[in-house]
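Have a look at the structure below, then the notes.
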Amino acid sequence: MRVVLLSGPNLDLLGDREPAVYGTARLADHVRAAAEAARAHGLELDHVQSNHEGELVEAVHAARGTADALVVNAGALTHTSWSLHDALAAFEGVVVELHLSNPAAREPFRHTSVVAPVADGLVAGFGGLGYELAVAAVVRLLQERHDREAR
Ligand code: DQA
């Protein structure tokens, strides 16, 4: 089983970027935590970070038929990107939306997520712990899908 972690714009600056909001850990630290959590459950995890909307859309296309689940922290594209929404709608596996901060408790423009309608669920507001929680959610959802299909 394979999971792809997608990181959107400006997440490559984690550690330096607004540490009071996003913490001091770097993206590589979060990716390592997610990959370790995945490995502990026998899942392979690949990571794609891009500051470009189209590259994220293409990463979702590449995941079709090759990945069982996506964990998506789309950064600010969460609030604006209908092309990412549509790409995710065409992905048949599990989708978990992820945020370090809790967008619902921040500025009004962050209160709308266009990823949410095409996600199975959302992990937000737990900082770096969210990467492990999102993988745990993927594991559980894949297990549930497998059990349903076996019935
Ligand atoms: C974020 C929340 C978004 O609103 C913001 O634009 C980000 C990071 C988060 O992880 O908390 O870039 O996705």
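This is a predicted model, so every value here is computed, not measured. These numbers come from the heavy atoms of this one structure, side chains and all, not from hydrogens, waters or symmetry mates. Every number for a ligand or one of its atoms is a count from 1 in the order of the listing.
Taking 4.0 Å as the cut-off between side-chain N and carboxylate O, Asp16 and Arg26 count as a salt-bridged pair. Asp120 has no carboxylate O lying under 4.0 Å from a charged side-chain N of Arg140, or vice versa, which leaves the two without a salt bridge.
Scanning the protein heavy atoms around atom 1 (C) of ligand 1, the nearest turns out to be His99 ND1, 3.6 Å. If you check which protein heavy atom lies closest to atom 5 (C) of ligand 1, you get Arg110 NH1, 3.2 Å.
Counting heavy atoms closer than 4.0 Å to ligand 1, residue Arg17 contributes side-chain atoms (C-beta onward) but none from N, CA, C or O.
In summary, the atoms of ligand 1 found under 4.0 Å from a heavy atom of His79, numbered by their order in the structure, are 3 (C), 4 (O).
Remark: Glu144 CD is packed, more than 12 non-hydrogen atoms of other residues, nucleotides or ligands lying under 6.0 Å away.
Atom 11 (O) of ligand 1 has its nearest heavy-atom neighbour, among Ser101, Pro9, Gly75, in Ser101. Residue nearest to atom 9 (C) of ligand 1, selected from Val115, Asn10, Asn102, Leu100: Leu100 (by heavy-atom distance).
Hydrophobic clustering, with ILVMFWY side chains joined whenever heavy atoms are under 4.5 angstrom apart, keeps Val114 apart from Val96.
Sorted pairs that involve residues 55-75 and meet ring-ring contact (aromatic ring centres under 6.0 Å, His included), not counting sequence neighbours, are lacking altogether.
Residue Leu11 places no N or O, backbone or side chain, under 3.5 Å from any N or O of ligand 1.
A heavy-atom separation below 4.0 Å is found between Asn73 and ligand 1.
Between His30 and Tyr131, the angle of the ring planes stays under 30°, which puts this pair in the parallel group of the 30/60° scheme.
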